[in-house]
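This report refers to the structure that appears directly beneath it.
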Amino acid sequence: MPIRPFRRLLLASIAAWAGLVSAGTVLAQTPQRGGTLSVCTIYCTLGPLSWDLADWNWKQADDTGEYYERLFSADLSKAKHRGGKYDFRDNNWIPSEAMRGELAESWRWTDPLKLDVKLRKGVMFPEKKGVMASRELVADDVVGTYQLLAASPKAIKTYWEHIDKVEALDRYTVRYTFNHFNAEWSMRSGYGHYGHVQPKEVVAAGAGNWKNHNGTGPFMLTDYVSGNSVSYARNPVYWDKESIDGRAHKLPFIDRLVVRTIKDTSAQLTALRTAKLDIMELVSWTAVDELRSSAPALKWSQWVEGSGSYLSLRMDTKPFDDLRVRRALNIAIDKAAIVKSYYGGHAELFAYPMHPDWTGYYEPLASMPEAVRELFAYDPAKAKNLLAEAGLPNGFSFKVQVCSCNSDQIDLLQLISAYLEKVGVRIQIEQMEYAAFLSVMNNKTHAPGYMMANAHGAPTITLSKLFRSESNAWNTSMYKDPDFDRRLKEMYEERSEPKRQQMLKEMTREVVAKAPFIWLPTRHAYTAWWPWVKNYGGELRGGGGRPAPVYARVWIDQALKKRMGFD
């Protein structure tokens with residue numbers, strides 16, 4: 001019989017307290033095997049878009065990353081809840097000092113443009129009936145996957161332009177020969193979204209069919225129900241181990257992983273509240289207070305979202321070719337009030353284009369020059385003066401396009417409109433379906449104003465993606481500066497990370513001050529999980545969009561779950 005709600009909440013609170021006081025005991029650190037982990041990832045509303053790696057779809061890292069491994073991954077032993085200093089929430093980037101070899105046992109530069117990667121021996125593909133017998137991973141698997149992806153007509157043409165050749169020197173050694181150094185080599189070839197290693201047998205059987213998939217990772221793909229779930233089982237021949245209290249434990253701990261697709265937000269929250277979900281990776285700030293009240297035993301982590309919101313201003317269109325106009329629109333909006341009143345404090349005033357988690361690359365607003373700080377200080381009188389100086393004493397009007405799929409941005413745009421009207425600037429809002437919204441961006445036919453959210457990417461990606469002059473879909477402000485392009489190129493070819501960090505800090509200061517966007521606050525997000533989910537502290541990714549390294553290390557305290565009233 002179900003436990004009454006009041007008693008369930010009481011037990012949950014007691015269990016949560018007991019979990020806190022026993023956190024340092026040996027028992028709490030003893031892994032338990034078995035059980036099912038049910039999760040909603042950060043893409044809870046979105047199921048797989050394609051199973052064929054040659055489609056070059058970013059979402060594949062989330063779906064196939066449970067079984068397709070990479071050369072490198074995040075060193076989760078350095079997570080904060082394990083005594084380290086990293087949150088491991090970034091969807092793409094791994095700090096250099098927190099990267100470990102996954103399929104790679106070691107790597108070294110044999111000369112400035114040759115990188116040799118030694119693979120681990122004894123890493124096995126499990127048997128997949130009708131597709132392949134169990135066999136060892138070898139260098140030809142790495143080379144074959146690279147060649148397949150590089151030859152795809154859907155590949156990003158510049159992604160591996162720094163590579164001349166990838167070859168197998170022997171059974172366990174892969175050599176990358178570069179034509180020039182690229183600071184993102186470890187991400188692009190090692191742990192990024194397109195670093196999968198796939199066996200040739202899957203390609204031969206038909207990589208577009210999920211039933212043929214098979215990899216060396218901690219889980220095996222066992223079922224896919226479109227619009228509902230993707231299910232995985234423990235890989236019995238998985239190679240990796242987790243060290244806990246000086247003892248090595250074979251991974252993964254759980255028997256089964258179920259990744260749910262739930263399109264309706266209220267249904268997601270109900271699934272979490274009723275423990276149909278063990279982990280919900282992304283909980284909106286709007287739902288946190290209610291969940292803390294109705295499910296007080298839930299554990300939480302707060303983080304800054306990995307996408308920033310902005311209103312792009314086309315600098316090739318009047319009056320946005322005038323810096324004074326762009327700066328005026330920024331200071332005409334009370335951004336601090338948006339953080340406090342619109343987001344209820346659940347946002348960062350300045351967290352884009354660099355993310356606060358990017359230590360060494362991010363500079364807080366207080367450290368920025370006055371030309372940057374001024375853009376985040378509300379001053380409508382000064383905004384009017386700047387518009388008058390630019391020959392627009394009576395203001396002007398312009399069109400802003402926004403995706404109809406993003407209700408938060410539509411609401412926020414209404415607030416921005418109200419602020420701008422106070423200084424004589426009027427906007428006409430055009431809501432567009434997603435496909436049409438992306439089409440005008442890709443074709444550069446978008447309106448003078450273009451409201452969107454965009455992923456931070458990685459420290460070396462974000463400025464290049466948004467402001468590089470060359471053919472670049474994401475450059476919605478039509479930013480064009482040959483000297484800026486030159487410095488971006490130099491940054492990518494700089495081998496010293498401290499030097500790259502300084503170069504990017506200087507370029508960030510410059511581009512923010514030039515106000516190609518109306519810079520907007522970046523929301524907080526939350527991750528919630530039940531206390532029976534052990535060896536977990538809110539980590540989201542192990543590099544390149546992959547949650548598998550995180551889930552493989554989680555175990556379920558079945559007894560605690562039962563005591564809390566959930567079977």
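What's counted below: heavy atoms across the whole structure, side chains too, no hydrogens, waters or symmetry copies.
Between Trp358 and His456, a ring centre-to-centre spacing shorter than 6.0 Å is recorded. Checked against a 6.0 Å centroid threshold, the rings of Tyr378 and Tyr419 count as neighbours.
In this structure, the side chain of Lys263 engages the main chain of Thr45 through a donor-acceptor pair within 3.5 Å. Between the side chain of Ser404 and the main chain of Met432, a donor-acceptor pair closer than 3.5 Å is present. Here the side chain of Arg327 pairs a donor or acceptor atom with the backbone of Ala513 at under 3.5 angstrom. For Lys299 (side chain) and Val533 (main-chain N/O), no donor-acceptor pair under 3.5 Å exists by modelled atom type. Arg326 places a side-chain N or O within donor-acceptor distance of the main-chain N or O of Lys514, the cut-off being under 3.5 Å. A donor-acceptor contact shorter than 3.5 Å links the side chain of His446 to the backbone of Thr476. A side-chain donor-acceptor contact under 3.5 Å links Asn330 to the backbone of Phe517. With Glu539 contributing its side chain and Phe88 its backbone, the two residues share no donor-acceptor pair below 3.5 Å. The backbone N or O of Ser231 lies less than 3.5 Å from a partner atom in the side chain of Thr222, making a donor-acceptor pair. With Lys534 contributing its side chain and Pro531 its backbone, the two residues share a donor-acceptor pair below 3.5 Å.
Of all heavy-atom pairs spanning Ala528 and Leu272, the tightest one is CB-CD2, 3.9 Å. Between Glu281 and Ile42, the closest heavy-atom pair is OE1-N, 2.9 Å. The heavy-atom pair separating Pro31 from Phe253 by the smallest distance is CB-CE2, 3.4 Å. Taking every heavy atom of both residues into account, Phe350 and Pro364 meet most closely at CD2-C, 4.3 Å. Between Ile254 and Trp555, the shortest heavy-atom distance links the atoms CG2-CA, 4.4 Å. Heavy atoms only, all atoms of each residue included: Pro353 and Leu463 are closest at CG-CD2, 3.9 Å.
Taking 4.5 Å as the limit, every side-chain heavy atom of Ile94 sits out of range of all side-chain heavy atoms of Phe72. Residues Trp300 and Leu291 have side chains in contact (heavy-atom distance under 4.5 Å, counting atoms from C-beta outward). Between Leu540 and Pro547, every side-chain heavy-atom pair lies at or beyond the 4.5 Å cut-off. You'll find the side chain of Asn535 reaches within 4.5 Å of the side chain of Glu242, heavy atoms only. Counting only heavy atoms from C-beta outward, the side chains of Pro252 and Phe219 approach each other to under 4.5 Å. A 4.5 Å side-chain heavy-atom check between Ile333 and Leu420 finds at least one atom pair inside the cut-off. Annotation: side chain of Ser38 is in contact with side chain of Arg260 (closest heavy-atom distance under 4.5 Å). Using a 4.5 Å cut-off on side-chain heavy atoms (C-beta onward), Leu520 and Ile416 make contact.
At a cut-off of 3.5 Å, with distance as the only test, no side-chain donor of Tyr343 or Glu348 sits close to an acceptor on the other residue. For the residue pair Asp278 and Trp532, a side-chain donor N or O sits within less than 3.5 Å of a side-chain acceptor on the partner. Side chain to side chain, Glu305 and Tyr352 fail the donor-acceptor criterion of an N or O pair below 3.5 Å. Between the side chains of Asn235 and Tyr67, no donor-acceptor pair is found at a separation under 3.5 Å. Judged by distance alone, the side chains of Asp357 and Trp303 never bring a donor and an acceptor atom under 3.5 Å apart. For the residue pair His346/Gln302, the side-chain donor-acceptor check at 3.5 Å is not satisfied. Looking only at atom types and distance, the side chain of Glu363 has no donor-acceptor partner in the side chain of Thr508 under 3.5 Å away. Between the side chains of Asp334 and Tyr342, not a single donor N or O lies within less than 3.5 Å of an accepting N or O.
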Working note: Trp529 + Ser301, criterion side chain to side chain contact (heavy atoms under 4.5 Å, CB included); need CA distance, chi angles, decisive distance, verdict. CA-CA 9 Å; Trp529 64 98; Ser301 67; 3.9 Å; yes
So Val440 and Gln401, side chain to side chain contact (heavy atoms under 4.5 Å, CB included) or not? Walk me through it. CA-CA 10 Å; Val440 295; Gln401 292 168 328; 3.8 Å; yes
Assess whether side-chain hydrogen bond (donor to acceptor under 3.5 Å, both in side chains) is satisfied between Glu102 and Tyr191, documenting all intermediate values. CA-CA 9 Å; Glu102 189 169 65; Tyr191 66 78; over 6 Å; no
Derivation of the side chain to side chain contact (heavy atoms under 4.5 Å, CB included) call for Leu466 and Tyr479: CA-CA 8 Å; Leu466 296 173; Tyr479 195 93; over 6 Å; no
Where do Tyr310 and Ile518 land on the side chain to side chain contact (heavy atoms under 4.5 Å, CB included) test, with the steps shown first? CA-CA 6 Å; Tyr310 54 84; Ile518 296 179; over 6 Å; no
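Note: His196 and Tyr68 have perpendicular aromatic rings, judged against thresholds of 30 and 60 degrees for the angle between ring planes.
Taken to the nearest 0.5 Å, the OH atom of Tyr238 stands 4.5 Å off from the CG atom of Asp240. Expressed to the nearest 0.5 Å, how far NE2 of His355 lies from OG1 of Thr522 amounts to 7.5 Å. Once rounded to the nearest 0.5 Å, the distance linking OG1 of Thr527 with CE of Met280 reads 9.5 Å. A distance of 6.0 Å separates CG of Leu313 from CG of Leu329, quoted to the nearest 0.5 Å. Note that CZ of Arg82 and OH of Tyr536 are 11.0 Å apart. Values are rounded to the nearest 0.5 Å. Remark: Leu269 CG to Thr274 OG1 distance equals 10.5 Å, nearest 0.5 Å.
Remark: Lys250 NZ is packed, more than 12 non-hydrogen atoms of other residues, nucleotides or ligands lying under 6.0 Å away. Enclosure of atom CD in Glu433 is not indicated, since only 12 or fewer non-hydrogen atoms of other residues, nucleotides or ligands lie within 6.0 angstrom. Within 6.0 Å of the CH2 atom in Trp474, the count of heavy atoms belonging to other residues, nucleotides or ligands does not exceed 12. Environment of NZ in Lys340: sparse, with no more than 12 heavy atoms of neighbouring residues, nucleotides or ligands closer than 6.0 Å. The 12-atom threshold is exceeded at NZ of Lys59, counting heavy atoms of other residues, nucleotides or ligands nearer than 6.0 Å.
Annotation: cation-pi geometry satisfied between Lys335 and Phe376 (NZ/CZ under 6.0 angstrom from ring centroid, within 45° of ring axis).
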